[in-house]
Amino acid sequence: MDVLIPVANGSEEMEVVIVADVLTRAGAKVILASVEKEPIVVASRGIKIQADHLMPDIENKDWDLIVIPGGMPGAERLANCLQLQQLIRDQIEQTKTVAAICAAPSVVLAEMGMLRGKEATCHPGFWEKLAPKVKTLREDRVVVDLPFITSQGPGTAFEFALELVDLLFGADKRREVAEPMVL
């Protein structure tokens, strides 16, 4: 299973690293792609994250899942990446899943008009912005309304990541991955 996690200066560290780690433990091939001019991004708390590729290098790749981290201004920088916008549209056209956490459901997906008619959640600080752009704003920590999976923020990153494992590999793999992490 091939998973893309785009990253930008200002992306939320926990949402990038926890999701990438949990999916890797499950057996996914996770690729971090920087939307910046350099592969190293400075995340929201100043931690540097080394991406595997720059976004232009992953063009024409087929993804089983795209995961969009939040963090500000990272989510805005991701939202402004035209290549990522096209990848998201292509993913939805192929009825494949797009997941977003924290600010990303609102700042990226809702702004693209992708969540119309869907149930979704995001960081509580963005609820007012998201509410008019979805069918139902949910206060759940993780919301599945395929082809979208949304979540609230850094504190929900493990639950979010395990939901993605369940989607890609099934409930048995989810339990297998969660147990040694004492979740």
Side-chain angles (χ1 to χ4, degrees), residues 1-116 118 120 122-123 126 129-130 133 146-151 153-154 157 160-161 164-165 167-169:
M1 295 287 175
D2 293 325
V3 178
L4 171 66
I5 302 178
V7 293
N9 289 329
S11 289
E12 165 53 56
E13 293 88 335
M14 290 173 62
E15 296 163 5
V16 172
V17 174
I18 289 170
V19 171
D21 178 272
V22 170
L23 287 167
T24 298
R25 288 172 190 250
K29 180 179 179 191
V30 178
I31 299 295
L32 301 182
S34 171
V35 301
E36 307 296 345
K37 290 183 167 83
E38 300 293 326
I40 295 176
V41 299
V42 179
S44 63
R45 302 298 178 267
I47 295 172
K48 293 178 181 170
I49 296 175
Q50 171 82 44
D52 303 297
H53 299 283
L54 298 177
M55 192 60 92
D57 299 337
I58 56 114
E59 221 163 341
N60 300 321
K61 174 85 174 93
D62 212 17
W63 303 102
D64 296 297
L65 172 65
I66 296 175
V67 183
I68 308 165
M72 292 298 277
E76 290 171 336
R77 297 180 72 76
L78 295 174
N80 291 330
C81 176
L82 298 177
Q83 183 183 357
L84 179 58
Q85 290 177 23
Q86 189 58 52
L87 285 171
I88 292 167
R89 285 186 192 96
D90 292 347
Q91 190 81 353
I92 299 309
E93 234 175 67
Q94 297 169 32
T95 62
K96 293 184 177 179
T97 304
V98 174
I101 186 170
C102 195
S106 177
V107 174
V108 179
L109 297 179
E111 287 302 315
M112 290 178 65
M114 293 294 195
L115 296 177
R116 280 189 213 109
K118 293 291 183 181
C122 65
H123 189 280
F126 289 85
K129 187 176 179 180
L130 181 64
K133 297 178 180 176
L146 294 176
F148 300 102
I149 298 176
T150 55
S151 189
F160 177 62
L164 301 177
V165 168
L167 171 86
L168 294 175
F169 300 101

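Distance check, rounded to the nearest 0.5 Å: CG of Leu168 to CG of Leu65 gives 5.0 Å. Atom CG of residue Asp52 and atom CG of residue Leu4 lie 10.0 Å apart, to the nearest 0.5 angstrom. Interatomic distance, CE of Met112 versus CG of Leu84, reported as 7.5 Å (0.5 Å rounding). Taken from CD1 in Ile88 to CG in Leu78, the straight-line distance is 8.0 Å, to the nearest 0.5 Å.
Within a 6.0 Å radius of CD in Glu38, other residues, nucleotides and ligands contribute 12 heavy atoms or fewer. Remark: Lys29 NZ is loosely packed, at most 12 non-hydrogen atoms of other residues, nucleotides or ligands lying under 6.0 Å away.
A donor-acceptor pair shorter than 3.5 Å cannot be found between the side chains of Gln91 and Thr97. The closest side-chain donor-acceptor pair between Asp90 and Gln86 falls under 3.5 angstrom.
Glu13 has its side chain within reach of Ser44: a pair of non-hydrogen atoms, C-beta onward, lies under 4.5 Å apart. Side-chain contact between Ser34 and Leu32 is absent, with no heavy atoms from C-beta onward closer than 4.5 Å. Side-chain contact between Val165 and Leu23 is present, with at least one heavy-atom pair separated by less than 4.5 Å. In this structure, Met1 and Phe169 have side chains that are in contact, with non-hydrogen atoms separated by less than 4.5 Å. Side-chain contact check for Met55 versus Leu87: some heavy-atom pair is nearer than 4.5 Å. With contacts defined as side-chain heavy-atom distances shorter than 4.5 Å, the pair Glu76/Val107 qualifies. Side-chain contact check for Lys61 versus Ile31: every heavy-atom pair is 4.5 Å or farther apart.
In this structure, the side chain of Glu15 does not engage the main chain of Pro69 through any donor-acceptor pair within 3.5 Å. In this structure a side-chain-to-backbone donor-acceptor pair under 3.5 Å is present from Ser11 to Ala8. Panel note: side chain Glu111, backbone Ala79; no donor-acceptor pair is recorded below 3.5 Å. Remark: the backbone N or O of Leu146 is paired with a side-chain donor or acceptor of Lys118 at under 3.5 angstrom. For Asp2 (side chain) and Asp64 (main-chain N/O), no donor-acceptor pair under 3.5 Å exists by modelled atom type.
Across all their heavy atoms, Ala28 and Val3 have their closest contact at CB-CG2, 4.0 Å. Closest approach of Val67 to Val19, counting heavy atoms only: CG1-CG1, 3.9 Å. Minimum heavy-atom separation, Lys96 to Pro147: O-CB, 3.6 Å. Heavy-atom minimum distance, Ala104 versus Ile68: CB-O, 3.5 Å. Counting all heavy atoms, side chain and backbone alike, Asn9 lies closest to Val42 at OD1-N, 2.9 Å.
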CA sep, side-chain torsions, deciding dist, call: Met114, Val98, side chain to side chain contact (heavy atoms under 4.5 Å, CB included): CA-CA 10 Å; Met114 293 294 195; Val98 174; over 6 Å; no
Which is it for Leu115 and Leu130 under the side chain to side chain contact (heavy atoms under 4.5 Å, CB included) test, yes or no, and what are the steps along the way? CA-CA 9 Å; Leu115 296 177; Leu130 181 64; 3.9 Å; yes
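In this structure, Arg89 has no salt bridge (Lys or Arg N to Asp or Glu O under 4.0 Å) partners at least two apart in sequence or on a different chain.
Phe160 pairs with exactly one of Cys102, Pro154, Ser151 by the side chain to side chain contact (heavy atoms under 4.5 Å, CB included) rule, that one being Ser151.
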